[in-house]
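Values below: every heavy atom of this structure, side chains too, minus hydrogens, waters and symmetry copies. Residue indices begin at 1 and follow the sequence shown. Because the structure is a prediction, the values reported are computed rather than measured.
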Amino acid sequence: MLETYLPPADVKDVERAYAFGAKAHAGQCRLSGEPYITHPLEVAHVLAGLRLDPGTLCAALLHDVVEDTNVDLDGIQKEFGPEVAELVDGVSKITRMEFQNQEEEQAENFRKMLLAMAADIRVILIKLADRLHNLRTISALPLPRQRALARETLDIYAPIANRLGVRRWGLELEDLGFAVLYPLRYRVLSESMRKRHGNRKALVEKISNAMLKQLQQEQLEAEVQGREKNLYSTYRKMQQKHLSFEQVHDVYGFRVVVDKADNCYRALGMVHNLYKPIPGRFKDYIAIPKANGYQSLHTVIFGPFGVSIEIQIRTQEMHRVAEAGVASHWLYKTGDANDPMRQRALQWLKDLLETQQKAGNPHEFLEHLKVDLFPDEVYVFTPNGEIKKLPRGATVVDFAYDVHTDLGNRCISAKVNGQLAPLRTMLKNGDRVEILTAEWAHPSPAWLDYVVTSKARANVRQFLKNQKFDEAVKLGKRLLDRALKDAGLDPSKVTDVHRQTLLTSLKLTDWNNLMNDIGLGNRLAAVVARQLVPSSDPIEKSGFALTRRFRKLLKSDKNKTPSLAIRGTEGIVVTYGRCCHPIPGDPVVGFLSAGRGVVVHTDDCPNLGKYREHPEQWIDVQWEADIERAFPVSFRVQVKNQRGVLASVAATISEQDANIDAVSTDDRDGQVAAMDFIVEVRSRAHLASIMRRLRALDSVVKVSRRKG
C-alpha cells in the first residue's frame, strides 16, 4: 500500500519503525492473546488508508512504546528524529484518557487532548485510528470496560472525527460504539435494515439507472453511488423525532460525483427534472462550505412509491475531502502550511482553547466542548455581507460575540432584516443582522439562559466573575483578619516578607488572588492564617494560638499513621488517602477532616467528587523537598498465566529495594491473570523504576498504577 504514494526512502523509514516497535514489544501480548505489535501495525494501516505522511505512520507504529516498554523518548528521537518523537509524546499524554463518571476528571483529560491537538493535528489522527482499532477488537475486554470505552467514543471521539471531516472513521466509530453500548437495539435495527435492503434493492437500481441515463443524455460524465445510512445515525433520528423504523424513509441515499463544480449545479437541475424536490430541504455547501471544509449539494427528492431520498452531488476533490477531512490536505502532498482545510481545523482548536481558558471550572469547559462538537449550522450575514456560521438555535448575542468580544459585551439590541429585535431573538438561515451597542452596556446574567455558543457563554461568565472579583477580595481580607485575631495574632504584624513567602509556597503571584480564593470559599481563612507564621517557629513559641474549632478539626489520634512531610503543616496532623495512595512527586490536594487533620489525596483521585459540597475545607498542599520514608502505593500487573510468574514478579520488586505489603490475584481468563500489589516506595521516581523493570519481564503484559 505504501509504495503507491510514498517514495522508497520513506517506505524504508516506516519499515524501520515497525522493526523497532516489534523489538520493543517483543513478548508482550494483548488481552486477546495476539502479539502486541499487531495493534500499532493495524493503527498504521488505518492511517495509511488516508495516505498520511511517513512521520505519522512511524509515530503510529511507536505510539505505545514509551508507555509500555523500557524505551524512552530520547531513544525514539535519536532513531527517528524530533518530529516523530513529538508525535509519540503527544499521543502518550492522552493515552491514559479514561471515561470517568466525574465530569471534572473527564474535562481535565480533554484539556490535555486539545493541547496535544493544537501542537500538531496529526496527534488526534493517530489517537482516532488507535481508538478505531481498539473498538474493532473490543471483545477481549471486560464488559464494564467495553461500555465505558463505547460511551466515551460516542460522546467525544466520533464527534471529533466528524468535526475534523474524517467522516469515514466517524461513521465506523459510531456504529462500533452503538453495537457495544446498545447490543440488542443494534441487532434489531441491523436486521430490519438488512430486510429493507432486500426489499429496496430493485428501487435503488431503478433510481440509479434513471439518473445515469439522464446524466448521459445531458452529456455529463458522472458516477452514481447508492448507499445506506449508518445504523447509529438512523437510530438517533428515530430517537430525536420519536419515529419507528418503518417511519424513517430516507435510510438510503445517493451520491453523484462529477468532474467540476459547475457540473454539480447542472446535475442538480437534472435530478430535480427527474424527481420532484421536497421544499426547504436543499442545502448548498459548495457556495458556503461547512466549518470542516465539507462541500456538496444536498437535496431531498420524492422518489418512486412516495419514498423520500437524499441526494448528494459533489466533485471528485470534494468527495476526497468528505471522506478524509483534514487528513486529505496534509502537508505530505501539498507542502502548503496555509492549506485551507488545515487552517480551518487549527482555527477551530484555537477557538476551543480560548474558550477553555475562559471556562471557570472543568464542568463549564465540558459543557462548552460538547456544544462545540455537535454543530448543526445556520448561516447569517453581517451588514457588509460577510457570512457567519452559528449553531442552530443561536441568538443575536451569539452573533455579536462571534463577530467580536467587545461587540458582545456592549450590545443592547439588534436589527434583524432591518427590523428591531431583542437580544434573545433566535436567528434563521439567511438573516441579515446588525448589532446596536452602547458604551454603558455590559453582559447580563440573563443572557446565560439563551446563548448557545461556547464563546458567548464563556465570555459572559468571565465578565460576571471579574465583576465579583473585587467584592470577593474585600471579603477575603475581612475573613483573614478575623482568623488572625481569633488565633491571637495582630494582623498589622503580618509583613510583606510573610505575604511573599506564603505566595511563593502556594505558587501564586498576587495577594489579591489569594484573598479572592478566601472570599469565594476556595481556601480556608484559618489555614491561610496558620501558613502566614514562619515555618521555623513552632506553634507554642510563635504565640500563634489556634482556635478551639480549628484545634478540634485537626485533633490528633495516637493510633493514626504518622504525619507526612507536607510543607506548611508543622504542628498539624496529616494523613493520606488510602484510596489513591499519594507518594512524593504526585500532585496532591488537602482536605480538612475532623479527627484526621489534613487528609492528602492525589489530584486525580476518583473519590474527590464526594468532597465537592465542602469547598471551605479544601487547602493547597505540597511535598517537602527531602523526605526520608516509604509510602504505600497500589499497582496492577497483568501477566501471562504460567507457572512461577508470581515469584518472578515479587523477586523483581524486591530487587528494586521495595517491600511488598499485600498482593492479590484475579484470574481473568485462561491466558492472562491480574495481580494487584501494594508496595512501599520512596518516591514517584522509585515507583517508575520498579514499573520499568517489571515491563521488561517476558511474562508481563501490562503494568498500571491503581487509584480508587
Side-chain angles (χ1 to χ4, degrees), residues 66-67 70 72-73 92-93 96 105 108-109 112 501-508 523 527 530-531 534-536 538 554 556-557 559-593 596-608 611 617-637 650 652-663 676-695 703-708:
V66 174
E67 192 71 25
N70 56 3
D72 58 17
L73 276 175
S92 297
K93 286 176 180 175
R96 292 192 175 185
E105 288 294 322
E108 288 302 325
N109 284 330
K112 294 175 187 176
T501 301
L502 178 57
L503 289 175
T504 302
S505 68
L506 296 178
K507 294 184 178 179
L508 295 174
R523 297 179 188 272
V527 174
R530 168 67 185 88
Q531 291 171 326
S535 59
S536 59
L554 302 179
S556 176
D557 186 330
N559 297 323
K560 294 291 180 183
T561 307
S563 299
L564 297 181
I566 297 294
R567 189 179 302 165
T569 58
E570 296 81 358
I572 298 175
V573 174
V574 180
T575 58
Y576 57 88
R578 291 175 184 155
C579 47
C580 55
H581 294 296
I583 58 177
D586 284 339
V588 288
V589 295
F591 185 82
L592 287 169
S593 174
R596 296 182 67 194
V598 177
V599 183
V600 179
H601 293 268
T602 61
D603 66 357
D604 59 352
C605 176
N607 291 327
L608 291 183
Y611 300 124
Q617 291 178 237
W618 285 102
I619 60 171
D620 281 339
V621 293
Q622 296 175 344
W623 298 101
E624 283 287 6
D626 299 314
I627 306 171
E628 296 181 0
R629 56 165 293 186
F631 302 85
V633 65
S634 176
F635 58 84
R636 168 165 288 184
V637 184
T652 301
I653 294 173
S654 179
E655 288 170 4
Q656 293 299 301
D657 192 23
N659 184 49
I660 300 174
D661 285 347
V663 61
D676 295 325
F677 288 88
I678 296 180
V679 176
E680 292 184 358
V681 300
R682 295 183 298 277
S683 66
R684 193 165 175 157
H686 188 196
L687 173 62
S689 174
I690 295 170
M691 295 175 79
R692 275 197 301 272
R693 289 296 300 271
L694 289 174
R695 289 185 179 121
V703 184
S704 56
R705 186 172 173 184
R706 300 188 70 203
K707 296 181 182 180

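You'll find the side chain of Asp586 reaches within 4.5 Å of the side chain of Arg705, heavy atoms only. Between Val588 and Tyr576 the shortest side-chain heavy-atom distance does not fall below 4.5 Å. Annotation: side chain of Arg682 is in contact with side chain of Asp657 (closest heavy-atom distance under 4.5 Å).
For the atom pair OG of Ser634 and CZ of Arg578, the computed distance is 14.0 Å after rounding to the nearest 0.5 Å. For the atom pair CZ (Arg692) and CG (Leu687), the distance works out to 10.0 Å, reported to the nearest 0.5 Å. Atoms CZ and SG, on Phe591 and Cys605 in that order, are 12.0 Å from each other to the nearest 0.5 Å. Atoms CD1 and CG, from Ile678 and Asn659 in turn, are 12.0 Å apart once rounded to the nearest 0.5 Å. Taken to the nearest 0.5 Å, the CD atom of Gln656 stands 12.5 Å off from the CE atom of Met691. Remark: Asp661 CG to Glu680 CD distance equals 4.0 Å, nearest 0.5 Å.
Arg636 places no side-chain N or O within 3.5 Å of a backbone atom of Arg706 that could act as its donor or acceptor partner.
His581 approaches Val633 most closely through the heavy-atom pair CB-CA, 3.7 Å. Of all heavy-atom pairs between Val703 and Leu694, the closest is CG2-CB, 3.9 Å. Smallest separation of non-hydrogen atoms from Ile690 and Ala658: CD1-CB, 3.6 Å. The minimum heavy-atom distance linking Asp72 with Val66 is given by the pair C-CG2, 4.2 Å. Residues Gly577 and Val599 approach most closely at N-CG1, 4.1 Å, considering heavy atoms. Taking each heavy atom of Asn607 and Cys579 in turn, the nearest pair found is ND2-CB, 2.9 Å.
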